[in-house]
> 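Dropping a structure here in structure tokens format, bear with me for questions.
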Amino acid sequence: MVTGAALATINRLPVLLLPGDVFATRVATPVLQELDIQRRWTCRLNDAFRPVSRFFDRVWRPEQLPSALLGAMRVLTDPADTGAVTLALPQDVQAEARDWPAELFAPRVWHVPRPVPEPVVLARAAAVIRSASRPLIVPAAG
């Protein structure tokens, strides 16, 4: 997953990763957490996602999830800032029940700003295209 996250970030591909994480409320050594270095509780295995994610958050309490989700969506919908988004979810937090505010599930429209090109720059680009003997224009995806 770390390699995939790095590739998504480098190539500006929006990818949401939801890895399970250590228990938030107790020290435990079940399977899949035994690789954590027990003398260094401040560094967890999922911290390997930090340098390759555009957005990383560890949700220690369920009430943190709405702000984490909104931060994740901000990055996932921004073409200039998108890439891997990692929300690490501790095992015990995954199992907690919570009443969520209705507005969290309200439809949202994420506006992507499209800056207007400067007239001088646009005129210069048009002049270069007009002067080319065999111009090739590749349309932007989207």
> Verify side-chain contact (heavy atoms from CB on, under 4.5 Å) between V93 and L65, making sure each step is shown before the conclusion.
CA-CA 10 Å; V93 173; L65 197 55; over 6 Å; no
> Are D47 and R58 side-chain neighbours, meaning at least one heavy-atom pair lies under 4.5 Å?
yes
> Atom CZ in R124, atom CD in E118: separation rounded to 0.5 Å?
8.5 Å
> Which atom pair, heavy atoms only, marks the closest approach of Q94 to G20?
NE2-CA, 3.5 Å
> Is a side-chain N or O of D57 found less than 3.5 angstrom from the main chain of V59, in a donor-acceptor match?
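No, D57 side chain to V59 backbone: no donor-acceptor pair under 3.5 Å.
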> Any side-chain heavy atom of E96 within less than 4.5 Å of one from E63?
no
> To the nearest 0.5 angstrom, please state how far the CH2 atom of W60 sits from the CG atom of D92.
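Output value for this atom pair is 9.0 Å.
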> Look up atom CG in N46 and atom OG1 in T86, then write down how far apart they are to the nearest 0.5 Å.
8.0 Å
> Keeping the roles fixed (side chain from S67, backbone from Q64), state whether a donor-acceptor pair exists under 3.5 Å.
yes
> Compare every heavy atom of W100 with every heavy atom of P62, then report the nearest pair and how far apart it is.
O-CH2, 3.0 Å
> Treat each ILVMFWY residue as a node, draw an edge where side-chain heavy atoms are under 4.5 Å apart, and state whether L104 and M73 are in one component.
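Per the 4.5 Å side-chain linkage, L104 and M73 are co-clustered.
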> Without swapping roles, check the side chain of S53 against the backbone of V85 for a donor-acceptor pair under 3.5 Å.
no
> Is there a path of hydrophobic side-chain contacts, each under 4.5 Å between heavy atoms of I/L/V/M/F/W/Y residues, joining L69 to F105?
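Yes, F105 and L69 fall within the same hydrophobic cluster.
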> Ignoring hydrogens, what is the shortest heavy-atom contact between D81 and V75? Give both atom names and the distance.
O-CG1, 3.3 Å
> Which residues end up grouped with F56 if you chain together Ile, Leu, Val, Met, Phe, Trp and Tyr wherever their side-chain heavy atoms are less than 4.5 Å apart?
M1, V2, V15, L17, F49, V52
> Minimum heavy-atom separation for E103 and R108, please, with both atom names.
O-NH2, 3.4 Å
> Looking at N11 and L7, would you say the former's side chain and the latter's main chain have a donor-acceptor pair under 3.5 Å?
yes
> Provide the closest heavy-atom pair for P90 versus A88 in the form atom of the first, atom of the second, distance.
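The answer is CD-O, 3.5 Å.
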> Between L70 and L89, is there a shared hydrophobic cluster once you connect ILVMFWY residues whose side-chain heavy atoms come closer than 4.5 Å?
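Per the 4.5 Å side-chain linkage, L70 and L89 are co-clustered.
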> Establish whether L13 and L16 are linked, either directly or via other cluster members, by ILVMFWY side-chain heavy-atom contacts under 4.5 Å.
no
> For a quick test of reading the model, state the closest non-hydrogen atom pair linking A84 to A5 and the distance between them.
CB-O, 3.5 Å
